[in-house]
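Remember, predicted model here, so these are calculated numbers, not experimental data.
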Amino acid sequence: MDAPSRPAMPAPRDLPSVDRVLATPAGQQAVEAFGRAPATQAIRAALDEVRACLLAGKLVAVPAPDHVALAATETLERDARAHVRPVFNLTGTVLHTNLGRALLAEEAVEAATAAMRSAVALEYDLATGTRGERDDHVRELLIELTGAEDATVVNNNAAAVLLVLNTLGLGREAIVSRGELIEIGGAFRMPDIMARAGVKLVEVGTTNRTHPRDYAGALNDATGLVLKVHTSNYRIEGFTREVSARELADIAHAKGVPLVNDLGSGTLFDLARLGLAHEPTVREAVAEEADLVTFSGDKLLGGPQTGFIVGRADLIAAINRNPMKRALRVDKIRLAALEATLRLYRDPDRLAARLPTLRLLARTRADIAARAHELAEPLAAALGEDFDIEIVDCVSQIGSGALPLETLPSAGFAIRPAAEASGGRLNALAAALRALPVPVIGRIAEGALILDLRCLEDEQGFHDSLAHVGGPG
Ligand SMILES: *Cc1c(COP(=O)(O)O)cnc(C)c1O
């Protein structure tokens, strides 16, 4: 029989059944890997897609059952990739809030993993066999490292600020300089937090200048606290006047009112040791006689997301009695990681090597540039002739509002489209890098995709990842 010169257009009725696709070797593998229900669902979706293409006249043949199974498997594999998964942070921002901030030290990772796998003596005193306090695991360390009388830990620094305001200021007034009414990002604005904490905000001074007399004039019987906020993410320069924490402590204490200093990032380590500008340490803030100091666990401190309140024992006791504390507490996994992180601070000489945040901040441009030279060729080979790659000086940032004007000399790549520039090509490349099994996140500036290598420690992993550029997907 002679085949007709033109086959009849394929029709949906020619499609294989779901069962037939499931029975193919690829279908069976999909069932094995993902389970019968997800595999069936993916095959059904793949068949629906083929049916739509057939009806639209976009297909000249009905795909074989194993092809449908393979298409379904691809979908299943894509869906199975975790959403919260590692990426290469080549943005040049070491503490990138959108990329999860601090990387934990190995010691912290091990402690957290162990705590995940087993029961831990979280609120249990092993010496006496009676109930213990969950904060006690890090309390002594925090006291030792900050010089404060007492300490407590909550979910993050935003929670620490909220809890302090609510404990000291519910139904009362909190005095804050207009120059410090910050928004940290997202919905965390100091005036809004005050309102939610049930505290009446009393603004004093002006945006650029606040004087001791402004605070003194606002203090009255209804004052619950004076709040000083470390101005994160920006700096007011020029004709300015700020009242130091030390001066402010005297002013507040003369009226018997506590001073709270929200340090934001805060650090337990003098960054000047790394050649950076001096960021006030928590110990200094405590020594300046703030009654309470709040700071973050996953910014410069380099630990898990947590917030700390350190200071006067009677105020910490009041905070621990506040029912909100229970809603803001930290789980065992983070407490374990935190304890391990804080222990590293007992040995400051080796801290910068063991704590990733400080290690990354300490890297020199020369060191980073040397890595760039090693990776330039593989990168050029992976991107092909469509892109020009240049090794360039970069300027990294600490991020998360710490030392906002401090920049770190770094190195990396500037990637530009080779032919007549088209921004679309660059965006497509950035998207392709984000679609890699381990996504690469850079930033686009001045017609180039910039990859700052400061935070790249796994060069082999990056090198291996390049093999997937231009691959499927
Ligand atoms: C970052 C920051 C906070 C919030 O800390 P999180 O740990 O992110 O909740 C609060 N106050 C200041 C001044 C900050 O910089």
Side-chain angles (χ1 to χ4, degrees), residues 74 77-104 109 298 356-357 359-361 363-400 407-419 421-473:
E74 250 175 54
E77 281 170 352
R78 207 169 37 240
D79 283 357
R81 285 213 289 224
H83 286 213
V84 181
R85 65 189 152 117
V87 303
F88 287 110
N89 170 12
L90 304 191
T91 62
T93 299
V94 176
L95 295 170
H96 200 302
T97 297
N98 304 140
L99 299 182
R101 292 196 185 158
L103 313 181
L104 298 195
V109 173
D298 58 352
T357 299
R359 188 166 72 225
L360 295 175
L361 291 176
R363 290 181 81 186
T364 63
R365 166 157 41 208
D367 172 33
I368 301 166
R371 314 298 168 100
H373 282 279
E374 284 165 19
L375 289 168
E377 227 170 275
L379 180 64
L383 299 190
E385 294 185 344
D386 289 348
F387 294 95
D388 287 334
I389 293 167
E390 193 188 348
I391 295 175
V392 291
D393 288 345
C394 297
V395 182
S396 317
Q397 299 179 347
I398 298 177
S400 286
T407 53
L408 309 164
S410 183
F413 301 113
I415 306 170
R416 295 184 176 82
S422 114
R425 296 261 300 285
L426 209 53
N427 285 327
L429 175 65
L433 293 181
R434 287 197 306 272
L436 289 173
V438 183
V440 173
I441 318 282
R443 65 196 160 84
I444 290 183
E446 291 163 24
L449 175 63
I450 308 289
L451 303 180
D452 182 327
L453 299 192
R454 170 169 299 277
C455 298
L456 180 64
E457 291 198 301
D458 178 13
E459 285 156 69
Q460 188 58 48
F462 180 74
H463 188 280
D464 295 347
S465 206
L466 292 175
H468 300 276
V469 178

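Annotation: salt bridge (charged side-chain N to carboxylate O under 4.0 Å, His left out) contacts involving residues 77-89, sequence neighbours excluded, are absent. Listed by first and then second residue, the salt bridge (charged side-chain N to carboxylate O under 4.0 Å, His left out) pairs involving residues 376-387 amount to none (not counting sequence neighbours). Residue pairs satisfying the side chain to side chain donor-acceptor pair (under 3.5 Å) criterion with at least one member in residues 433-453, sequence neighbours excluded, are listed as follows: Ser396-Asp452, Ser410-Asp452. Sorted by first and then second residue, the pairs that involve residues 432-462 and meet ring-ring contact (aromatic ring centres under 6.0 Å, His included), not counting sequence neighbours, are Phe88-Phe462.
Applying the salt bridge (charged side-chain N to carboxylate O under 4.0 Å, His left out) test to Asp393 and every residue at least two apart in sequence or in another chain returns Arg365. Partners of Glu457 by salt bridge (charged side-chain N to carboxylate O under 4.0 Å, His left out), not counting sequence neighbours, listed by chain and number: Arg359. For Phe387, there are no ring-ring contact (aromatic ring centres under 6.0 Å, His included) partners, not counting sequence neighbours. Every residue two or more places apart in sequence or in another chain that forms a side-chain contact (heavy atoms from CB on, under 4.5 Å) with Thr91 is listed here: Asn89, Thr93, His96, Leu99, Ile441. Residues that satisfy the side-chain contact (heavy atoms from CB on, under 4.5 Å) test with Glu74, not counting sequence neighbours, are absent from this structure. With sequence neighbours left out, Glu390 forms a side chain to side chain donor-acceptor pair (under 3.5 Å) with Arg416. For Asp464, the side-chain contact (heavy atoms from CB on, under 4.5 Å) partners two or more places apart in sequence, or in a different chain, are Gln460. Ala369 is linked by a side-chain contact (heavy atoms from CB on, under 4.5 Å) to Ala411, counting only residues two or more places apart in sequence or in another chain.
Smallest separation of non-hydrogen atoms from Gly442 and Leu451: CA-CD2, 3.8 Å. The two residues Ala445 and Ile450 make their nearest non-hydrogen contact at CB-CG1, 4.3 Å. Between Ala102 and Thr357, the shortest heavy-atom contact is CB-OG1, 3.5 Å. The two residues Pro356 and Leu104 make their nearest non-hydrogen contact at CG-O, 3.5 Å. Taking both residues in full, the closest heavy atoms of Gly412 and Cys394 are given as N-SG, 3.6 Å, listed atom of the first, atom of the second, then distance. Of all heavy-atom pairs between Gly447 and Pro417, the closest is O-CD, 4.3 Å.
Atom CG of Asn427 and atom CD1 of Ile444 lie 4.0 Å apart (nearest 0.5 Å). Between Leu449 atom CG and Leu429 atom CG the span is 5.5 Å, to the nearest 0.5 Å. If you take CG on Leu383 and CG on Asp388, they are separated by 10.5 Å, rounding to the nearest 0.5 Å. The CZ atom of Arg371 sits 4.5 Å away from atom CD of Glu459, with the distance rounded to the nearest 0.5 Å. Here the CZ-CG distance, from Arg363 to Leu408, works out to 12.0 Å after rounding to the nearest 0.5 Å.
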Task: Verdict with supporting geometry, Ile391 and Phe413, side chain to side chain contact (heavy atoms under 4.5 Å, CB included) - done: CA-CA 5 Å; Ile391 295 175; Phe413 301 113; 3.9 Å; yes
TODO: Give the C-alpha distance, both sets of side-chain angles, the deciding distance and a yes or no for side chain to side chain contact (heavy atoms under 4.5 Å, CB included) between Val469 and Val440.
DONE: CA-CA 11 Å; Val469 178; Val440 173; over 6 Å; no
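For Arg454 (side chain) and Ile368 (main-chain N/O), no donor-acceptor pair under 3.5 Å exists by modelled atom type. A distance-only check finds a donor-acceptor pair linking the side chain of Ser400 to the backbone of Leu95 [under 3.5 Å].
Taking 4.5 Å as the limit, some side-chain heavy atom of Leu456 sits within range of a side-chain heavy atom of Leu375. Counting heavy atoms from C-beta outward, Leu379 and Ile415 have side chains that approach closer than 4.5 Å.
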